Amino acid sequence: MNSETKTDAAVYPPSADFAASAHVDADRYAELYKASIEDPEGFWAEEAKRIDWIKPFSTVKDVNFDLGNVSIKWFEEGTLNVAANCIDRHLETRGDQTAIIWEPDEPNDEAQHITYRQLHRSVCKMANILEDMGVRKGDRVVIYLPMIPEAAYAMLACARIGAIHSVVFAGFSPDALGARINGCDAKVVITADFAPRGGKKTALKSNTDKALLHCKDTVKCLMVRRTGEQTTWVDGRDHDYNELAIEADDHSAPVEVGAEDPLFILYTSGSTGQPKGVVHSSGGYLVYTAMTHQMTFDYHEGDIYWCGADVGWVTGHSYILYGPLANGATTLMFEGVPTYPDAGRFWQIVAKHGVNQFYTAPTALRALMGQGNEWVEKHDLSSLKVLGTVGEPINPEAWNWYYKVVGKEKCPIVDTWWQTETGGHLLTPLPGATPLKPGSATKPFFGVQPVVLDPHTGQEIAETKAEGVLCLKDSWPAQMRTVWGDHERFEKTYFSDYKGYYFSGDGCRRDADGDYWITGRVDDVINVSGHRMGTAEIESALVAHEKVAEAAVVGYPHEIKGQGIYAYVTLMSGQEPSEDLRKELEQFVRSEIGPIAKPDLIQWAPGLPKTRSGKIMRRILRKIAEDDYGSLGDTSTLADPSVVDDLIEHRMNRK
Ligand code: WTA
């Protein structure tokens, strides 16, 4: 039996008990999905009632996917305030309910339980502080914070005053931060003194100081004291959040914004050039994240929900903050890492707070799986009802471990496929409705129309069983609207390869049951520990080093990270390869982009395989990195075939 048939064969239908109390069972899924496709306007007009509108919309949907005229609008005339939807409207009914449970890095430090009323106060104060610093509706604010409650306050405060936030992951370097501040012309950057994580500390304020050296001198900095340690201080530019919060007014009227006004920008890697600023809307985004949060996780009133992502990624935006809070949920925010102080930390937190839904990335599961089951078994995980994964395909071994050891074969696993660009889940099982298959993201969410295209002809494959590139035929409310400042790039990236469709950049297979299996990126984007990275970005960091003439980066299979970073480096003539230089280059990439971009393997390449027109043949480099050089395919277009023999001979040991 080959592995494909084997994995296809394992099917776990929802239990009757679970289905009976779920928001959506199989019949309801079929009925609602049909309605959502046959009458999208009617369907989404109804779903839009999930949120409070200030002025109603009259047009549900106005979408054009044609290259040159791409335009995506939902609920266009409607106005709202996102923060009021996430906080104010809950005050009367659940003011004293916990909105956010904050679990600090050190297990012995006290967790915080922040009620909706307290959240309201803190967000209003932050909103007033930002307004006092000159931030107005439509202005951009960069947020470079650890996973602390103030990150949530900052995002919601921006939403309250109609400012657009752009969160930068705290693991990014000063250069990456500076580029993002400049990229969206931010007025203010919000940071912390230090970011404790896994027992270590990142000096965020000092990174911010370095970044600001390359920004306009009008950019102001608001600093949250997380550890209280000494930092440098620039009078006039730097503002002390903790001091200002004492005096700040705790009332702030939510600003009315249009449904299509941007809520946030989030930079993400693509296959070419600099990261793109993905722009999300206010109205459609909130409707869709609220709905998917409730249905994908089968969230019920009173449940304790935990998404283990970082607010620096889209998962943190949609499924730590906006979706859950729009639903009046209790959402847990964790500052640390899964393996600190030991490999039982996740499960200790689940037991401590009685977590009902838990959502994480396969890479974390693979890392924990290797540490032994005792770390899981010593904690009481009986509160768990639904488990989720996101960010990369989950291999069946990790799925089975999650299902058996963590979920005790009682918790459905929702394998959610989506992207920064999609705002929310597009393919996912619904736990009371969908038969699960380890490794498959199964079926489309309501309103979502996936298609598999033949990559060569660009035609839709009509048969159920299909393999090709994954595209979307029509819009959904949380779709990104544009690339910040570059609508042409938006169109070119997502709408030019396959005319009339949104192109995801992922390959996929659809099996005979119509279930989708993501096979990974078909472009030059790699997925390292669930983090998306453009190989072009790492290459340009490498060639920025004075001793490097040329570099080519590809992914290779990595047991824990999913994909590892394999870099081929050609040195300037006269430079000698050495271990010291290898370390220097690793360090260089860390400081240019951040620790997540550090190459795992660097191979010294006297030459790179190129076509006669000078194009690097990445396919060959990928094969060598994958240790699969027996099947290099067509090499007849190589300018100098001997280059390949040298690369094979000196390939790196992947262990
Ligand atoms: C990959 C993260 C397989 C995919 C929300 C996508 C997945 C990219 C899955 C987006 C999944 C995400 N199964 N692959 N369940 N979820 N991916 O923008 O390649 O950081 O295009 O968004 O991650 O990554 P991003």
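Only a predicted model underlies this, so the values are computations on that prediction, with no experimental measurement involved. Order of listing sets the numbers, starting from 1, for every ligand and every atom in it.
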Taking C-beta and beyond as the side chain, do I596 and V528 meet within less than 4.5 Å on heavy atoms? no
In terms of atom number and element, which parts of ligand 1 are under 4.0 angstrom from non-hydrogen atoms of T416? 9 (C), 11 (C), 15 (N), 16 (N)
Just by distance, do the side chain of W484 and the backbone of Y267 share a donor-acceptor pair under 3.5 Å? no
Could you tell me, atom by atom, which parts of ligand 1 come under 4.0 Å of a heavy atom of V390? 5 (C)
Distance check, rounded to the nearest 0.5 Å: I616 atom CD1 versus E539 atom CD? 6.5 Å
What do you reckon, does W418 put a non-hydrogen atom under 4.0 Å from ligand 1? yes
Please work out, at 4.0 Å between heavy atoms, whether the side chain, the backbone, both, or neither of A441 comes within that distance of ligand 1. neither
Return yes or no for this condition: an N or O of D415 is under 3.5 Å from an N or O of ligand 1. yes
Can you sort out which atoms of ligand 1 are near I518, meaning under 4.0 Å from one of its heavy atoms? 3 (C), 14 (N)
Of all protein heavy atoms, the one nearest atom 3 (C) of ligand 1 is P393 N, 3.0 Å
Just heavy atoms, cut-off under 4.0 Å: does L427 contact ligand 1 by side chain, backbone, both, or neither? neither
May I ask you to check if ligand 1 and T315 share an N or O to N or O distance below 3.5 Å? no
T420 N/O under 3.5 Å from ligand 1 N/O: yes
Can you check whether E626 reaches P557 side chain to side chain, under 4.5 Å on heavy atoms? yes
Using modelled atom types only, decide if a donor and an acceptor are shared between the side chain of S318 and the backbone of T315 within a distance under 3.5 Å. no
To check your reading of the model: name the closest protein heavy atom to atom 6 (C) of ligand 1, its residue, and the distance in Å. D506 OD2, 3.2 Å
Heavy atoms only, cut-off 4.0 Å: how does R532 contact ligand 1, side chain, backbone, both, or neither? side chain
Under a 4.0 angstrom heavy-atom cut-off, which atoms of ligand 1 come close to N527? 1 (C), 23 (O)
Mark yes or no for whether Q459, through its side chain, and D454, through its backbone, hold a donor-acceptor pair below 3.5 Å. no
Without swapping roles, check the side chain of D303 against the backbone of Y305 for a donor-acceptor pair under 3.5 Å. no
For the side chain of T428 and the backbone of V414, is there at least one donor-acceptor N/O pair under 3.5 Å apart? no
Proximal candidate to atom 1 (C) of ligand 1 [heavy atom criterion; set G562, G391, A309]: G391
Taking N or O atoms only and a 3.5 Å limit, does G520 qualify as a polar contact for ligand 1? no
Do L384 and V406 have side-chain heavy atoms sitting under 4.5 Å apart? yes
So for R521 against ligand 1, with non-hydrogen atoms under 4.0 Å, the contacting part is side chain
Given the side-chain rings of Y566 and Y568, with only the six-membered ring counted for Trp, is the space between their centroids under 6.0 Å? yes
